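A, B, ... follow the sequence lines: proteins, then strands. Residue 1 opens every chain. Owing to the predicted nature of the structure, the values given are computational and were not obtained by experimental measurement.
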Amino acid sequence: MARTIDAGRPDVKRQDQSMESPIMNLFAEIRALVVAQLEAMMAEGVLPTGLELAAVAVEPPRDAAHGDMATNAAMVLAKPSGMKPRAIADDLAARLMADPRIAGADVAGPGFLNLTLSRDLWAGVVNAVLNEPAFGQSDMGAGRRVLVEYVSANPTGPLHVGHTRGAVFGDALAALLDYAGWNVTKEYYVNDGGAQVDVLARSVYLRYLEAHGQAVSFEDGTYPGDYLIEVGQALKNKVGDAYVGQDERVWLDDVRRFGIDAMMALIRADLAKLNVTMDSFFSERSLYGTGLIEAAIADLDAKGLIYQGTLEPPKGKLPEDWEAREQTLFRSTAHGDDVDRPVQKSDGAWTYFAPDIAYHYDKVQRGFDELIDVFGADHGGYVKRMKAAVSALSDGRVPLDIKLCNLVKLYRNGEPFKMSKRAGTFVTLSDVVEQVGPDVTRFVMLTRKNDAPLDFDFAKAVEQSKDNPVFYVQYANARVHSVLRKAAEAGIDITARPVLEDEAEFAVARKLAEWPRLVEIAARNHEPHRIAFYLYELASEFHALWNRGNDKPELRFLQEGNTLASSGKIALPRAVSVVISAGLGILGVTPAEEMR
RNA sequence: GGCCCCGUAGCUCAACUGGAUAGAGCGCCAGUCUUCUAAACUGGAUGUUGCAGGUUCAAGUCCUGCCGGGGUCACCA
């Protein structure tokens, strides 16, 4: 995947601004300064040599009154150095003060070192946002190859709301990792090999008979959904009456293929509505008869992890029809699972777990450095066994992170949204996207942590007020563009170096400076929701600044009759727009330039 | 019964590989529009972070045990 995040960055020439290098990640740079000073202290014998500095952090303080940044250096080094935190902090503070970027360094609390930065730096941050296309991006991923598998819904019908959350989450996570320097592949695993696609085939066959005028009923768990009517009709158009009255053995393979193709076309169309794109689709069926499952199991066998055995009955309530069976088992307990898992049934057929192992074996074989699976929360029980499988197959080299997306509860004006499963009708991805649009759907789905349940209210999602985070963020961006349009009319140079004076302006600039750091935190934790929360906070700072123009006209971005002052003021809102656009780009949301 | 997730203000939720006095929004009260869009902003009250221990200089965060909610649990995928 290419770096397709369009930050909406205006095409401007690089400002000629002395020899200073652009401020790409202020927190990383100040941390580097702190570390350098600590190393100097070690070299001079003030601190013992060989101290581990990994735990030294430079963070935004919880309370802005504490300064611009805080470091825990003195506290984490106190014990290993055998020194008092304040002694370290005092010495470190004096050294940091020698750097022109540091305007203040105060020891506080148990040994925190609060740093106040030179005011000039903030304009440099704004400048970097505007002129450095890579601002916010990170090389944290170092080009490592990561496979993000998501959606992976059974090809038996349209995607529903639950899938929608997984689709949005996976897509945003993939974009986030891409932005943070990983080499990302997005993949959909097509479960076209199990019994449920046979059920699909029989359901399609019923609709086919129906298209031939026969009365049919959907029993034995066949799918009654309307979406198969046209598939049955299409099958009729293709094969005429060739399968009418024929035994299943005659038509099953062909109808199954036909049904799966139709369902995957449906699913791809659903994903397209959400602007979700996959790099590849991996067929479960392609694992059968090709030796891939056998190869994966053989790999485990070679590691002594496959054996014939009988599982204990589950603890607690004993299923009534439980009976001991000897099966082929994977010794997943050797890699952290609670019990060993069957890979072959007693009749020798593969269990569903075997192709899953083979699929992940294939992922490892393809050379990915990291794997991420996005599942629904109802798959929580498979986490340990899949991790065990990947650990075994890769000899612990390839980490697998499994992100579980919790339920989506639908509401309309606070009232739960009923759906009837019995009638085969359920709220689909299409239903949601057609009502609120892809941008709103995506943003709302990302305003919760993946493992927390999500309430989705159709009415609130499209409400145009500050109560709606989607709108709130979009509106901030629209306000900036309103200013830019007016600036263009007034012939104002919008490429001048930023001039910051007011506290509210510095507050916005500080928030902008956090962006690269936030990207890394979100990427490291595989938590794209952090982007959404950050954008809300940035928009909030921006709206606050905007409204300060009410009380203090000199803070308005456009200064009546003073194009020079306007030029200096306008850089900050432009930078806000750049970061909002970049952030929304990661979430897959189009930044609106005006609200209607 | 086993395993996994969750439990934070009246409500919905944040909280950075463990950091300072746990933060937002909603709701409630009081203010701000001859304006670059008031679709916004400003100020005010709210906590035994489910309970009890433990580790640590420092715990909402890590460990143990309980309580409550959800998910899941032997040839189904």
So what does Asn72(A) touch, heavy atoms closer than 4.0 Å: a base, only the sugar-phosphate, or nothing? base
Check every strand shown and say whether Gln344(A) touches a base, only sugar-phosphate, or nothing at a heavy-atom separation below 4.0 Å. nothing
Taking only the P atom of each, what is the distance from G25(B) to G43(B) in whole angstrom? 10 Å
Given C75(B), C36(B), A15(B), identify the nucleotide with an atom nearest to the side chain of His529(A). A15(B)
Could you please name the partner base of U37(B), counting Watson-Crick and G-U wobble pairs only when both distances are under 3.5 Å? none
Protein-nucleotide distance (Asn450(A), atom CG; G71(B), atom P), rounded to Å: 18 Å
Expressed as a whole number of angstroms, how long is the span from His543(A):NE2 to C36(B):C1'? 14 Å
Nearest listed nucleotide, side chain of Arg479(A), among A38(B), U32(B), C76(B): A38(B)
Rounding to an integer number of Å, can you tell me how far Phe456(A) CZ sits from C13(B) C1'? 17 Å
Any idea how Trp515(A) and Tyr179(A) line up, ring-wise: parallel (<30°), tilted (30 to 60°), or perpendicular (>60°)? tilted
So if I take every side-chain heavy atom of Val76(A) and compare against A74(B), U37(B), G19(B), which nucleotide ends up nearest? G19(B)
In Watson-Crick or G-U wobble terms, with both distances under 3.5 Å, the base opposite U55(B) is none
What nucleic acid atoms does Ala195(A) come within less than 4.0 Å of, heavy atoms only: base, sugar-phosphate, or nothing? sugar-phosphate
So what does Gly380(A) hit on the nucleic acid, given a heavy-atom distance under 4.0 Å: a base, only sugar-phosphate, or nothing? nothing
Across all strands, who's sitting opposite U21(B) as a Watson-Crick or G-U wobble pair, both distances under 3.5 Å? none
Tell me yes or no: between the side chains of Asp192(A) and Ser283(A), is some donor less than 3.5 Å from an acceptor? yes
Distance in angstrom units between Met386(A) CE and A77(B) C1', rounded: 13 Å
With rounding to whole Å, what would you report as the distance between G60(B) and G53(B) at their P atoms? 14 Å
Report the nucleotide, chosen from U56(B), A77(B), C13(B), that has the shortest atom-to-atom distance to any side-chain atom of Asn191(A). A77(B)
Between C1' of G25(B) and CZ of Phe471(A), the distance in whole Å: 15 Å
Given C13(B), A14(B), C41(B), the nucleotide with the shortest approach to the side chain of Asn547(A): C41(B)
Contact class for Arg524(A) (heavy atom, under 4.0 Å): base, sugar-phosphate, or nothing? sugar-phosphate
No-H, no-angle donor-acceptor pair, Arg530(A) side chain to C16(B) base, under 3.5 Å: no
Given A74(B), A20(B), C36(B), identify the nucleotide with an atom nearest to the side chain of Phe557(A). C36(B)
After noting the C-alpha distance and the side-chain angles of Arg31(A) and Glu59(A), does the key distance pass the salt bridge (charged side-chain N to carboxylate O under 4.0 Å, His left out) rule? CA-CA 9 Å; Arg31(A) 181 177 185 277; Glu59(A) 302 174 322; over 6 Å; no
Hey, is the side chain of Lys486(A) poking within less than 4.0 Å of OP1 or OP2 on C36(B), counting only N and O atoms? no
Tell which nucleotide pairs with U72(B), taking only Watson-Crick or G-U wobble pairs whose two distances are both under 3.5 angstrom. G2(B)
Between the base of A77(B) and the side chain of Tyr382(A), is there a donor-acceptor distance below 3.5 Å? yes
Would you indicate, yes or no, if C41(B) has its OP1 or OP2 atom less than 4.0 angstrom from a side-chain nitrogen or oxygen of Tyr472(A)? yes
Taking the minimum atom-to-atom distance to the side chain of Ala478(A), which one of U37(B), C41(B), C76(B) wins? U37(B)
Looking at U37(B), C6(B), A77(B), which one has an atom nearest to any side-chain atom of Gln196(A)? A77(B)
Could you check whether Asn550(A) gets within reach of a base, just the sugar-phosphate, or nothing at all, counting any heavy atom under 4.0 Å? base
Is there a donor and acceptor pair closer than 3.5 Å between the side chain of Asn114(A) and the base of A20(B)? yes
Rounding to the closest angstrom, what is the interatomic distance between A45(B) and A30(B) at atom C1'? 13 Å
Does the cation-pi check pass for Arg341(A) over Phe353(A), that is, NZ or CZ under 6.0 Å from the six-membered ring centre and within 45° of its axis? no
So if I take every side-chain heavy atom of Ala544(A) and compare against A38(B), A14(B), C41(B), which nucleotide ends up nearest? C41(B)
Phosphate contact (C36(B) OP1 or OP2) by Lys552(A) side-chain N/O below 4.0 Å: no
Rounding to the closest angstrom, what is the interatomic distance between A22(B) and A14(B) at atom C1'? 10 Å
Hey, is the side chain of Trp546(A) poking within less than 4.0 Å of OP1 or OP2 on A38(B), counting only N and O atoms? yes
Are His379(A) and C76(B) close enough that a side-chain N or O sits under 4.0 Å from OP1 or OP2? no
Reckon Ala54(A) touches a base, only the sugar-phosphate, or nothing at all at heavy-atom distances under 4.0 Å? base
Are any of Asn525(A)'s side-chain N or O atoms less than 4.0 Å away from OP1 or OP2 of U17(B)? yes
Taking OP1 and OP2 of C76(B), is either one under 4.0 Å from a side-chain nitrogen or oxygen of Lys345(A)? yes
Would you say C4(B) has OP1 or OP2 under 4.0 Å from some side-chain N or O of Lys384(A)? yes
Compute whether any side-chain donor of one residue and acceptor of the other, for His360(A) and Asp373(A), lie under 3.5 angstrom apart. yes
With a non-hydrogen cut-off below 4.0 angstrom, is Ser465(A) in contact with a base, only sugar-phosphate, or nothing? sugar-phosphate
Classify Pro453(A) by what it touches in the nucleic acid, base, sugar-phosphate, or nothing, heavy-atom distance under 4.0 Å. sugar-phosphate
Would you say a side-chain N or O of Lys449(A) is under 4.0 Å from OP1 or OP2 of A15(B)? yes
C67(B) and A77(B), which share atom name P, separated by this distance in whole Å: 36 Å
Span that lies between the P atom of U17(B) and that of U55(B), in whole angstrom: 25 Å
Regarding Arg479(A) and the six-membered ring of Phe542(A), is the cationic atom NZ or CZ under 6.0 Å from the ring centre and inside 45° of its axis? no
Side chains of Thr222(A) and Glu219(A): donor-acceptor distance under 3.5 Å anywhere? no
Winner on side-chain proximity to Phe112(A), out of C75(B), A20(B), C4(B), is A20(B)
G44(B) to G54(B) separation - P atoms, rounded to the nearest Å: 38 Å
Check: Tyr536(A) ring centre within less than 6.0 Å of Tyr472(A) ring centre: yes
Looking at the rings of Phe112(A) and His66(A), which for Trp means the six-membered one, are their centres under 6.0 Å apart? no
Base partner of G43(B), which must satisfy Watson-Crick or wobble distances under 3.5 Å: C29(B)
Hey, does Ala70(A) reach any base, or is it just sugar-phosphate, or nothing, if we go heavy atoms under 4.0 Å? base
Mind checking if Val339(A) touches a base, just sugar-phosphate, or nothing, with heavy atoms under 4.0 Å? nothing
Using atom C1' of each nucleotide, how far apart are U48(B) and A9(B) to the nearest Å? 13 Å
Side-chain donor/acceptor of Asn114(A) to backbone N/O of Gly67(A), under 3.5 Å: no
